[in-house]
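The structure appears below as structure tokens.
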Amino acid sequence: MAEKFKIKFAVYLIPRKDNQVLLSLRENTGYMDGMYSLVAGHVDGGEAAEEAMIREAAEEAAVMINPKDLVYAYTMHRLKSRPEDEYIDLFFEVKSWEGEFTNNEPEKCGGLDWFDIDKLPENTLPYVVEVLSSYQHGKHYSSKKGAES
């Protein structure tokens, strides 16, 4: 019997202050280093997506988030040339948190910076740019075939 298909599952945080969004500069990760993304991470087995998002925000950015403050924003299915590399990504917006965003993982992050959501840096991951634009226009899902990033 063939092994069942397994997909990777990740969560992303979209912190908002007015028209600004917080981005994280990838560094020393081996994946898209030098590109801006969002505070993000993998969901562990037996862990709810919201729990994973709250955990990742605390681990990576030293902020505490109340579950009621997480607002579902977007789902992306990133299909890859190798099925074992496919992802389901859930994005959550948050406008309220405790603490100050701090780079808690300087070995993997070159910094956390606020940017105007309509003027993102050129070196922002393309799928993150797509999500940030799409959900502002009422879209909440996309599927990307051949999405190698």
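Quantities reported herein were computed from a predicted structural model and do not represent experimental measurements.
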Which heavy atom in [X] sits nearest to a heavy atom in [Y], and how many Å separate them?
| X | Y | answer |
| --- | --- | --- |
| A49 | L90 | CB-CD1, 3.7 Å |
| L112 | S24 | CD2-CB, 3.6 Å |
| P67 | I54 | CG-CD1, 3.6 Å |
| D85 | K80 | O-CG, 3.1 Å |
| A40 | Y12 | CB-CD2, 3.5 Å |

[X], [atom1]: over 12 other non-hydrogen atoms inside 6.0 angstrom:
| X | atom1 | result |
| --- | --- | --- |
| K8 | NZ | yes |
| E122 | CD | no |
| D18 | CG | no |

Problem set entry | Single hit among T124, L23, L125, L13 for side-chain contact (heavy atoms from CB on, under 4.5 Å) with L38 | L23
Is a donor on one side and an acceptor on the other found under 3.5 Å between the side chain of [X] and the backbone of [Y]?
| X | Y | result |
| --- | --- | --- |
| E47 | D44 | yes |
| S134 | E130 | yes |
| D33 | T29 | yes |
| N123 | G34 | yes |
| T102 | E100 | yes |

Problem set entry | D89/R78 ion pair, N-O < 4.0 Å | yes
Exercise. Does the pair R55/E51 count as a salt bridge with the N-to-O cut at 4.0 Å?
Worked result: no
Exercise. Looking at the rings of F91 and H140, which for Trp means the six-membered one, are their centres under 6.0 Å apart?
Worked result: no
How many angstroms lie between [atom1] in [X] and [atom2] in [Y], if you round to the nearest 0.5 Å?
| X | Y | atom1 | atom2 | answer |
| --- | --- | --- | --- | --- |
| R16 | E93 | CZ | CD | 5.0 Å |
| E86 | K6 | CD | NZ | 14.5 Å |
| Q20 | L22 | CD | CG | 9.5 Å |
| I117 | N19 | CD1 | CG | 6.5 Å |
| I14 | Y72 | CD1 | OH | 10.0 Å |

Exercise. Does the side chain of S142 pick up a donor-acceptor pair with the side chain of Y74 at under 3.5 Å?
Worked result: yes
For this session: Would you kindly say whether D113 and Y36 are connected by a side-chain donor-acceptor distance under 3.5 Å?
Result: yes
Exercise. Does the pair Y127 and Y87 meet the rule for a side-chain hydrogen bond (donor to acceptor under 3.5 Å, both in side chains), with working shown?
Worked result: CA-CA 12 Å; Y127 72 90; Y87 270 88; over 6 Å; no
For this session: With the side chain counted from C-beta on, respond yes when V11 and H42 share a heavy-atom pair under 4.5 Å apart, and no when they do not.
Result: no
